[in-house]
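Chain letters run A, B, ... following the sequence lines, proteins first and then strands; every chain starts at 1.
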There are 2 protein chains.
Amino acid sequence: MADHVDLVLEQWRARRPDIDPSPMGVIGRLSRLSALFDAELRRNFAKYELDRASFDVLATLRRSNAEHSLTPAGLMHSSMVTSGAISQRLDRLETRGLVTRTPSETDGRGVQVTLTAKGLKLIDKVLPTHVDTEAQLLSGLSTPERDHLAALLRTLLESLGDKRD
Amino acid sequence: MADHVDLVLEQWRARRPDIDPSPMGVIGRLSRLSALFDAELRRNFAKYELDRASFDVLATLRRSNAEHSLTPAGLMHSSMVTSGAISQRLDRLETRGLVTRTPSETDGRGVQVTLTAKGLKLIDKVLPTHVDTEAQLLSGLSTPERDHLAALLRTLLESLGDKRD
DNA sequence: TGTAAGTAACTTAGCGCTGAGATACTTTAT
DNA sequence: ATAAAGTATCTCAGCGCTAAGTTACTTACA
């Protein structure tokens, strides 16, 4: 049994036997899987005229609180993109009537982003199909394997300083 | 102990208790790690006036064979991007004198891409620092944990049809 | 042999993101 | 009270990618 990364590792060992390429065995596979997952999840989003960026914002608002409401800064922290990207995502979602921007009552600089009824309806329709797609993508592993994988990835994230907030 | 994804899972269980969000425990962490790794590797590439795209091409040529030479199609298959992206990457690398494009002798449509001496020197300088950076990123796991993680990721890649070629 | 289908590489419009910077408001310190 | 520093959001030029389409060549077959 061998995947693409096994070939790459073999090639490196042949051409540069002085270098231990084993870290690529983890990081190469991880980034390859990430790309494959992304492509597949995108196919599902497209059925609902969504992309990853829009889905991320809608889903983050949906799960955040009962009001489905956050600041742009809150969305930024959750999404790992810059503030400029959030502004542009919100422009698109606002144009489509899926979210609203309301000035903060307490802070003149602040804005509150809230799911509209239309946005709520859409994300609640897409979410189950999204989770189903993810489950499909993981169906090559048994449940204990999946749990073990999640635990290893969590250890790694924690070692890199990933925090709850 | 909890990472950012644990928080997300809790939020989903609170807002949508009818949906089992556990697939996100794997896929969410995986894509988060991929983004963190990418950012850190980029910092290293930047020291050598490289980006991920250029590094990928140079490294693929370096490990491919003794001539350090492939077709654009070969580079495309290895890199998971489109043919248009490869054309543009090669434009940039050719302009910098790191690779050459030579017409194929047997196929009038074909092109052979080869590392120049300058390109070879650069990739051989960057490669050890790249692997070191990767090893650093994985230092939160023990060696057996790393091996186990690589094995689980390989199983998953194989289940998704990832092949050696 | 001629032509249709297939293949390799390239071109380009459009897209979303980054990084830098601008704007407007708030907090802190004097 | 006022200036300086800090914060929240937005704007925009530039970048690399995708998707669609083009060009040039090769292969298969009628």
Side-chain angles (χ1 to χ4, degrees), chain A residues 31 34-36 38-43 45-46 49-58 60-61 69-96 98-114 165, chain B residues 31-32 34-36 38-43 45-46 49-58 60-61 69-96 98-114:
Chain A
S31 92
S34 183
L36 290 172
D38 245 50
E40 193 58 36
L41 295 175
R42 243 173 66 176
R43 266 188 277 280
F45 294 144
E49 297 187 8
L50 277 176
D51 53 22
R52 196 185 212 309
S54 297
F55 176 85
D56 275 354
V57 172
L58 297 179
T60 303
L61 290 171
S69 179
L70 281 175
T71 61
L75 289 165
M76 182 179 102
H77 294 133
S78 163
S79 68
M80 305 179 88
V81 297
T82 60
S83 67
I86 293 292
S87 279
Q88 294 172 44
R89 289 179 179 191
L90 293 176
D91 288 347
R92 283 173 254 144
L93 290 169
E94 202 177 22
T95 300
R96 292 180 61 188
L98 299 172
V99 306
T100 55
R101 279 197 264 216
T102 348
S104 163
E105 291 171 12
T106 54
D107 187 333
R109 302 161 303 179
V111 163
Q112 202 66 20
V113 181
T114 309
D165 41 71
Chain B
S31 91
R32 209 168 164 86
S34 183
L36 290 172
D38 245 50
E40 192 58 35
L41 296 175
R42 243 174 64 178
R43 264 188 278 281
F45 294 145
E49 297 186 9
L50 278 176
D51 53 23
R52 195 185 213 310
S54 297
F55 176 86
D56 276 352
V57 171
L58 297 180
T60 304
L61 290 170
S69 179
L70 282 174
T71 60
L75 288 166
M76 183 179 101
H77 294 134
S78 162
S79 68
M80 305 180 86
V81 297
T82 61
S83 68
I86 293 293
S87 280
Q88 294 172 45
R89 289 179 179 191
L90 294 177
D91 288 346
R92 282 174 253 144
L93 290 168
E94 202 177 22
T95 301
R96 293 180 60 188
L98 300 172
V99 307
T100 56
R101 280 195 264 217
T102 350
S104 162
E105 290 171 12
T106 54
D107 186 332
R109 302 161 302 178
V111 163
Q112 202 67 19
V113 182
T114 309

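- Note on S87(B): every side-chain N or O is 4.0 Å or more away from OP1 and OP2 of dA9(C).
- When rounded to the nearest whole Å, the span between CE of M76(A) and P of dG19(C) equals 12 Å.
- The residue among G84(A) and D107(A) whose nearest nucleotide of DNA chain C lies closer to the 5′ end is G84(A).
- Look at CG on D51(A): it is 12 Å from P on dC15(C), rounded to the nearest Å.
- Computed from coordinates, the D91(B) CG to dC10(C) C1' distance equals 8 Å when rounded to whole Å.
- Under the rule for a side-chain contact (heavy atoms from CB on, under 4.5 Å), the partners of R109(B) that lie at least two apart in sequence or sit in another chain are D107(B).
- Distance CG (L75(B)) to P (dC10(C)): 11 Å, rounded to an integer number of Å.
- Residue contacts for T71(A): at a heavy-atom cut-off of 4.0 Å it reaches the sugar-phosphate backbone alone, with no base atom in range.
- In terms of heavy-atom proximity, V111(B) sits nearest to P72(B) at O-CD, 3.3 Å.
- With contacts defined as side-chain heavy-atom distances shorter than 4.5 Å, the pair Q112(A)/T71(A) qualifies.
- Among the protein residues, A85(B) comes within range of the nucleic acid bases, having at least one heavy atom under 4.0 Å from a base atom.
- Partner V57(B) forms a side chain to side chain contact (heavy atoms under 4.5 Å, CB included) with one of L75(B), L98(B), L70(B), V113(B) and no other, that one being L75(B).
- Taking atom CZ of residue R42(A) and atom P of nucleotide dC15(C), one finds them 14 Å apart after rounding to whole Å.
- Checking dC10(C), dC25(C), dT7(C) against every side-chain atom of R109(B), the shortest atom distance belongs to dT7(C).
- Of all nucleotides in DNA chain D having an atom under 4.0 Å from a heavy atom of chain A, the first and last in 5' to 3' order are dG6(D) to dA19(D).
- In this entry the distance linking CD1 of I86(A) with C1' of dC17(C) reads 11 Å, nearest Å.
- For the pair Q88(A) CD and dA20(C) C1', the interatomic distance rounds to 13 Å; values are reported in whole Å.
- Residue F55(A) contributes atom CZ, which lies 18 Å from atom C1' of dG16(C) at whole-angstrom precision.
- Within 4.0 Å (heavy atoms only), R52(B) reaches no atom of the nucleic acid at all.
- An OP1 or OP2 oxygen of dC15(C) is reached within less than 4.0 angstrom by no side-chain nitrogen or oxygen of R92(A).
- The nucleotide whose nearest atom lies closest to any side-chain atom of T82(A) is, among dG19(C), dC10(C), dG6(C), dG19(C).
- Closest contact between the side chain of A53(A) and the listed nucleotides dT26(C), dT18(C), dG16(C) involves dG16(C).
- Between D56(B) and R52(B), at least one side-chain nitrogen of the basic residue sits less than 4.0 Å from a carboxylate oxygen of the acidic one, meeting the salt-bridge criterion.
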**Study point:** side chain to side chain contact (heavy atoms under 4.5 Å, CB included) between S79(B) and I86(B), intermediate numbers included
**Key:** CA-CA 9 Å; S79(B) 68; I86(B) 293 293; 3.7 Å; yes
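- Partners of S34(A) by side-chain contact (heavy atoms from CB on, under 4.5 Å), not counting sequence neighbours, listed by chain and number: L30(B), S31(B), S34(B).
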